[in-house]
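A short write-up of the structure that comes next.
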Amino acid sequence: MDKFVQLQDVGMAFDTRQGRFVALRNVNLDIREGEFLALIGHSGCGKSTVLNLIAGLLRPSAGVLLCHNREIAGPGPDRGVVFQNHSLLPWLSCYGNVYLAVERVFGAKENRSMLKQRTHDALAMVGLSHASHKRPHEISGGMKQRVGIARALAMQPKVLLLDEPFGALDALTRAHLQDELLRIVAQTRTTTVMVTHDVDEAVLLSDRIVMMTNGPAATVGEILAIGLPRPRERLALASDPAYHAARNVVMDFLYRREIRQAA
Amino acid sequence: MSTHALSTPLAEDPPRRKPRRPAAPRLQTLDGLPPGPGRFNRSLHWLAFHGLPPLLGLALFMLGWQLLSLHNTSLPGPATTWAAAVELFADPFYDNGPNDQGIGWNILHSLARVGIGFGLAALVGIPAGFIIGRFAFIGRMAAPIISLLRPVSPLAWLPIGLLVFKAAGPASIWVIFISSIWPMVLNTAAGVAQVPQDYLNVARVLKLPEAKVFTRILFPAVLPHMITGIRLAIGVAWLVIVAAEMLTGGVGLGFWVWDEWNNLNVAHILIAIFVVGIVGLLLEQALVLLARRFEY
Ligand SMILES: Nc1ncnc2c1ncn2[C@@H]1O[C@H](COP(=O)(O)OP(=O)(O)O)[C@@H](O)[C@H]1O
Ligand SMILES: [Mg+2]
């Protein structure tokens, strides 16, 4: 299946106090089933907007978005979202947060013990079985993001959408979670779109990197296919010329072609 | 502090090569404090900093009161008041007809009125707050009414109550109702409006039905705001009840104060002031405890 998610001439304008602000114009993008796509660009260029459009949390002001050849008319559990700031409900335990999603998606077809099993499996997959009874404020930032990933994956979405999921984490935790995500995505083969501003992260994780031009009226600037074989290993890649070549292409785009105007 | 540091007061402490004490593992007790005399000293310290000031304040207050009562003979001093209170609370639940009942009955009657008026206000105000906060259109409809009625003094509502209910009891409940409803409406509505968009996005991605959105997201997210509203409302209700009862009569602390004023029993009025203060404090503390349970 080649065109799993399609963005056709998508434009997005926001009505603000200063008038209409065109954030995106003529965005065209095809996402293949099972691929890992990274969206990279300078802060404020419209990456989150693209992701929210695919999630259905925003409606485009021009163009059309398709998922499985059907128009994306709103959010739905077939597109799991991992939000930038984890968005766990603080009054529910980690288990409760995941269970809420599981219950919603599978509650009609499965009995309680099956739902429980799914919740436990999802938490086990991100290595958090031991913390399932804890509330979000009792766990670290990295663990919160893991719960967010578990919640999204437990819904068995067709597409997993991640908005800078590791942006707020320290370098070591981030590396650890990147490896974990590599493993999980290899295992579940979920189509994944991940917003990032970290070039190494993009090259390490993705099959293709979509580089966005600066806003306003941002669009897709360039797409780079990353041919590095999987499974990928962080340490081995460090001395791989292909890795550095890919990295240089993205760096060149970000820091020569789309140099960020003084903010 | 070493002598070296003393001789050059501006210099920082030189880095110590050796710790003064050998770094042997220190004995730990269960409460984390080292054993021995230090422990006793520390609890003394704690007492000096936390127990002493309130006691000192109260003592000063009593002293001022005593001096004032010596100066003005119509004002009973602490000792006289205390004696009257002991006598009064020796038999709090006697009943000599509608105009002469024990202090316990008066407190309970006032509490019951506050409870009913406040309970009705919560029953109406909290759902109203949810609706006003959730639906912007209704919120804008309600805004002028609320801003018009909220600043009105609670007692101004009493004649309306008397007119409609034609009885003193329901009228004072009505005053409690109308004066304690606003904090609950406004705090609940503000809470709903402040529910983080992220939480609502979770609900949207999951396509939760509206009932689940309410029970799993809106209600828990608003609960702390709601409890703040309830706390303020109880405070207002308890503030207003004495004044309302003074005007309506019957059984209750406010009426009792008025009655004792007519009897020129000033000691009892002072007792009433303390009772109102202490009951109010207890209500407030109970709600603070409740609020603490729902901090996430
Ligand atoms: N709801 C909104 N209203 C107005 N402007 C918005 C809104 N959301 C995003 N924008 C603007 O659109 C642009 C892109 O935002 P965003 O997608 O969040 O950028 P990124 O995620 O790449 O940092 C920014 O200039 C931002 O100010
Ligand atoms: Mg963003």
Side-chain angles (χ1 to χ4, degrees), chain A residues 48 51-59 67 72-93 96-108 134-139 144-145 147-148 150-163, chain B residues 32 122 126-127 129-130 133-137 139-140 143 184 187-231 287-296:
Chain A
S48 297
L51 205 76
N52 288 336
L53 283 165
I54 301 174
L57 292 167
L58 290 175
R59 306 281 294 126
C67 178
I72 294 175
D78 60 327
R79 278 152 290 135
V81 185
V82 177
F83 298 94
Q84 183 162 7
N85 42 2
H86 69 76
S87 297
L88 299 179
L89 303 176
W91 42 88
L92 296 179
S93 64
N97 269 286
V98 177
Y99 189 83
L100 184 67
V102 170
E103 188 189 30
R104 173 67 189 94
V105 178
F106 303 101
K134 289 197 173 159
R135 298 274 188 89
H137 69 264
E138 297 171 313
I139 60 177
K144 282 182 204 148
Q145 279 307 3
V147 180
R151 174 172 66 184
L153 283 174
M155 306 190 290
Q156 296 199 337
K158 293 199 191 100
V159 186
L160 178 65
L161 304 168
L162 305 121
D163 192 351
Chain B
I126 290 173
F130 269 104
R134 185 92 168 119
F135 305 104
F137 186 82
R140 263 178 242 131
M184 289 191 279
N187 275 282
T188 307
V192 173
Q194 281 170 33
V195 173
Q197 189 58 43
D198 291 335
Y199 299 165
L200 297 174
N201 277 345
V202 170
R204 289 177 64 200
V205 167
L206 291 177
K207 276 202 182 155
L208 290 182
E210 189 71 18
K212 270 246 158 83
V213 174
F214 182 79
T215 57
R216 297 298 173 84
I217 294 177
L218 275 187
F219 189 79
V222 173
L223 197 57
H225 297 264
M226 226 168 76
I227 293 177
T228 304
I230 289 175
R231 216 179 78 211
L287 280 160
V288 168
L289 282 182
L290 186 72
R292 207 161 290 160
R293 271 214 56 209
F294 292 106
E295 267 168 17
Y296 307 117

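Everything numeric here is computed off the predicted structure, so don't read it as measured data.
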Contact residues of residues 153-161 of chain A (partner chain B; heavy-atom separation under 4.5 angstrom): M155(A)
Minimum side-chain heavy-atom gap Y199(B)-L88(A) below 4.5 Å: no
L223(B) portion near chain A, given a 4.5 angstrom heavy-atom threshold: neither
Chain B contact via A55(A) - which portion, at a heavy-atom distance below 4.5 Å: neither
Nearest atoms (heavy-atom pairs only) where L89(A) meets R216(B): CD1-O, 4.2 Å
Side-chain (W91(A)) to main-chain (F294(B)) donor-acceptor, under 3.5 angstrom: no
From CG (D198(B)) to CG (N85(A)), nearest 0.5 Å: 4.0 Å
Audit row: L100(A), L206(B), side-chain contact (heavy atoms from CB on, under 4.5 Å) steps and yes/no: CA-CA 9 Å; L100(A) 184 67; L206(B) 291 177; 4.2 Å; yes
Point-to-point distance, once rounded to the nearest 0.5 Å, from CD of E103(A) to NZ of K212(B): 3.5 Å
Approximate separation, where rounding is to 0.5 Å, of L57(A) CG and L200(B) CG: 11.0 Å
Donor-acceptor pair, side chain of R204(B) and main chain of P75(A), under 3.5 angstrom: no
Side chains of V205(B) and R79(A) in contact at under 4.5 Å (non-hydrogen atoms): no
